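Here's the structure, in structure tokens; my notes come after.
As the structure is a computational prediction, the values presented were derived from the model and not from experiment. The figures that follow rest on heavy atoms only: side chains count, while hydrogens, waters and symmetry mates do not.
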Amino acid sequence: MTQATLTPGFTKEAFDAFLSARNEPDWLIDRRRSAWKLFCEQDLPGRSDEEWMRTDIRLFKLDSFGIPGELQGAIEVPTPLLTAGVDLGGQGTSFNGQTVEYSVGQKWADQGVLFGDLAQLAVEHSELLRPYLMKRAFDSAADKFSALHGACWSNGTLLYVPSGVAVDEPFHTLSALANGGVDLGHLLVILEEGSEATLLTETANTGSVAGGFHCGATEIIVGPKAHLRYVSLQNWDQRVWHFSREKVAVDGDASLQWTMGALGSRLAKVNQHVELTGAGAQVQVNGTMFTEGRQHLSYHTRQHHVAPNCRSDFLYKAALQDKSRTVWRGMIKVDLEAQKTDGYQRNDNLLLSSQARADAIPGLEIEADDVRCTHGSTTSRVDDEMIFYAQSRGFTREEAIRMIVTGFFQQIFDRISIESVRESLGMAIARRVREYE
Amino acid sequence: MPDILKIENLHVAVAGKPILKGVDLEIRRGQTHALMGPNGSGKSTLGLAIMGHPGYEATAGGITLNGDELLDMEADERARRGIFMAFQRPLSIPGVKMSDFLRHATTNVRNPDRKEGEELIPMREFRKELKAKMGRLQMDTEFARRYVNDGFSGGEMKRAEILQLAMLQPKFAILDETDSGLDADAVRLASQSIAEIGREKMGLLIITHHDKLLEHNPPDFAHVMLGGRIVETGGTELAEELHSQGYERIREKYPEADADNQQMVAKDAVTNM
């Protein structure tokens with residue numbers, strides 16, 4: 001059995017020992033210490049907090065987890081889903097909050113691309129990362145989880161693409177949890193002006209004991225005229241507690257296409273925040289969720305238009321089975337200066353059982369006066385008449401439901417330009433559709 | 001020995017409410033039957049009960065295909081045995097392309113023992129056949145790429161139903177008001193398609209208010225339904241009579257069934273309000 005050594009409880013002693021074992025630059029240590037202070041000063045969020053009203057974490061016991069330590073024994077890495085038939089520009093793997101290995105294509109390294117273990121690269125490229133890491137697109141003060149992450153993140157990935165470099169091979173990372181482990185991984189992506197890249201990330205569990213704790217953060221900076229395609233697949237097992245803060249800043253005439261698949265975890269609370277900071281920025285975010293059992297997935301999205309003439313388009317679709325539940329809370333925020341904003345947000349939910357529940361709370365906050373912002377949400381059930389119609393054409397009931405669910409997600413699949421991603425996401429969803437009650 | 005679809009003393013209830021009250025009907029492959037009757041008499045109910053709609057509960061009687069009880073089978077098994085129904089109001093399935101839907105359906109119906117996940121019929125072969133059959137219905141090829149019935153006009157939906165009939169080549173087909181929503185040209189094309197499949201190869205049950213489809217497909221038998229029963233059976237002349245003179249004579253001749261029918265329509269009106 002494989003395991004990272006782990007002292008239960010996020011204690012002062014554990015934190016000090018953790019810091020002293022790391023040889024990090026002072027600025028980073030300072031940032032960790034101030035985050036630790038924030039962590040100690042506050043309680044876990046409760047149901048009186050607006051964002052947590054619908055998300056109950058009273059059964060979550062923070063003290064039963066601790067800061068990930070050294071890896072011991074053999075490491076079992078699950079098979080990735082997103083990379084079939086794809087030539088990768090680089091690949092990285094982590095296991096229970098520790099880096100296993102990274103590789104990057106020589107031709108990209110030769111052009112100045114950095115892809116690898118964030119902790120190591122933060123030491124080697126201290127001055128390059130200093131303006132960004134734990135600063136530009138991350139706020140330790142958001143809540144106790146972000147403070148914990150800011151203080152104790154143990155591993156992570158850096159993707160840095162220098163100005164003008166267009167990488168046409170995707171980078172891929174796989175984060176694995178096993179035997180109730182802890183993952184505090186941080187992702188930092190910096191695309192300098194005019195660069196291009198594609199990043200695929202996925203998570204998975206391995207080993208015989210389910211569960212674990214993920215408290216992660218993502219910081220992405222897309223420079224002027226840069227283009228990023230980002231695919232994230234959350235596929236933790238259904239006993240993992242999953243908390244994540246994800247933020248992207250998109251500069252002028254830059255673009256981001258972000259496709260998110262959320263299949264796993266026992267409870268997920270995820271904040272996805274996109275800031276359009278330069279005129280002409282374009283952002284498309286596609287979210288797919290499929291839940292079953294008693295899973296609870298809560299997604300809070302924010303599309304913040306700071307600069308004028310930007311477009312953001314968020315489409316989230318969730319299919320819910322059994323007694324599972326999703327919460328989607330979306331906000332389009334348009335600053336006074338952000339004239340000619342084109343903002344769109346939509347959440348469609350398909351209930352596959354009478355006991356599933358989807359909450360959709362769209363919102364607008366607009367200060368500019370010359371904008372076009374639309375939002376909407378729908379929640380519907382798989383129509384029995386539709387099933388019968390397909391059955392009358394020879395589809396079995398199961399085939400009919402699978403087809404209807406796949407059709408429900410088609411609008412998002414049509415937007416995914418990477419074939420391996422489209423296929424693996426489609427298959428992962430179709431596999432999970434069971435008999436409809 | 002031709003295939004026989006046999007309905008015996010069929011009683012059907014919907015949401016506990018009796019609709020069919022003892023229907024007997026025998027259709028042999030190669031025969032065309034017209035089923036006529038005023039609104040609310042139970043014509044569509046009979047069609048849906050034969051096809052296997054789960055909301056239509058058979059409380060007595062039976063429906064057999066060559067002696068095998070269909071009431072024990074789910075709709076998809078009936079489809080694989082060769083039963084087809086062209087719906088009065090076809091359902092739309094957003095996100096599912098007509099061609100993908102039909103390829104899967106055609107595969108299942110032609111290979112009744114296929115298990116989920118097994119090969120579909122080859123794409124090239126399928127496309128060629130689909131294109132040819134769409135051509136004969138004067139349907140644009142773009143149709144195949146649209147989502148099943150999604151945003152279709154009434155006429156487009158009915159054509160799509162005939163296209164499915166042409167692809168699935170059933171032993172028995174129920175056409176429920178397929179001619180309503182179609183103009184004269186479209187009815188002619190639909191009838192040509194039926195002729196091409198070969199009326200002699202199918203048992204047809206044409207449910208209609210009009211005589212449009214019947215003009216092109218003269219029935220061997222015409223049945224009149226009233227109050228959940230078939231009250232009279234005749235030949236083409238009966239269909240013609242009902243079309244030109246309406247149901248007055250029938251209503252007067254079968255007052256009990258007519259009273260039932262009016263009660264059913266009244267109840268419907270209440271539930272639909």
With a 4.0 Å cut-off, would you call B:K115 and A:E399 a salt bridge?
-> no

Which atoms of A:A390 approach chain B - backbone, side chain, both or neither, heavy atom under 4.5 Å = both

Is it the case that more than 12 heavy atoms not belonging to B:R29 sit under 6.0 Å from its CZ atom?
-> yes

Check A:F395 against B:F101 and note the closest heavy-atom contact, atom names and distance.
-> CZ-O, 3.4 Å

Tell me, yes or no, whether the heavy-atom count around B:E119 atom CD, taken from other residues, nucleotides or ligands under 6.0 Å, exceeds 12.
-> no

Under 4.5 Å from a heavy atom of chain B, the part of A:F408 involved | backbone

What's the shortest heavy-atom distance between B:I93 and A:M403, and which atoms?
-> CD1-CE, 4.0 Å

Nearest heavy-atom neighbours spanning A:S392 and B:A79 | O-CB, 3.3 Å

Check whether any side-chain heavy atom of A:Q391 sits under 4.5 Å from a side-chain heavy atom of B:M51, and report yes or no.
-> no

Does the side chain of B:V96 reach to within under 4.5 Å of the side chain of A:T406, using non-hydrogen atoms?
-> no

Check B:N108 against A:T396 and note the closest heavy-atom contact, atom names and distance.
-> ND2-N, 4.4 Å

Counting only heavy atoms not in B:R127, do more than 12 sit closer than 6.0 Å to its CZ atom?
-> no

Check: A:F388 ring centroid to B:F87 ring centroid under 6.0 Å = yes

More than 12 heavy atoms of other residues, nucleotides or ligands under 6.0 Å from CZ of B:R89: is that the case?
-> no

Leading residue by heavy atom contact count with chain A [cutoff under 4.5 Å; candidates B:Q164, B:R78, B:E77] = B:Q164

Write down the atom of A:R393, the atom of B:M85, and the distance for their closest heavy-atom approach.
-> NH1-O, 2.8 Å

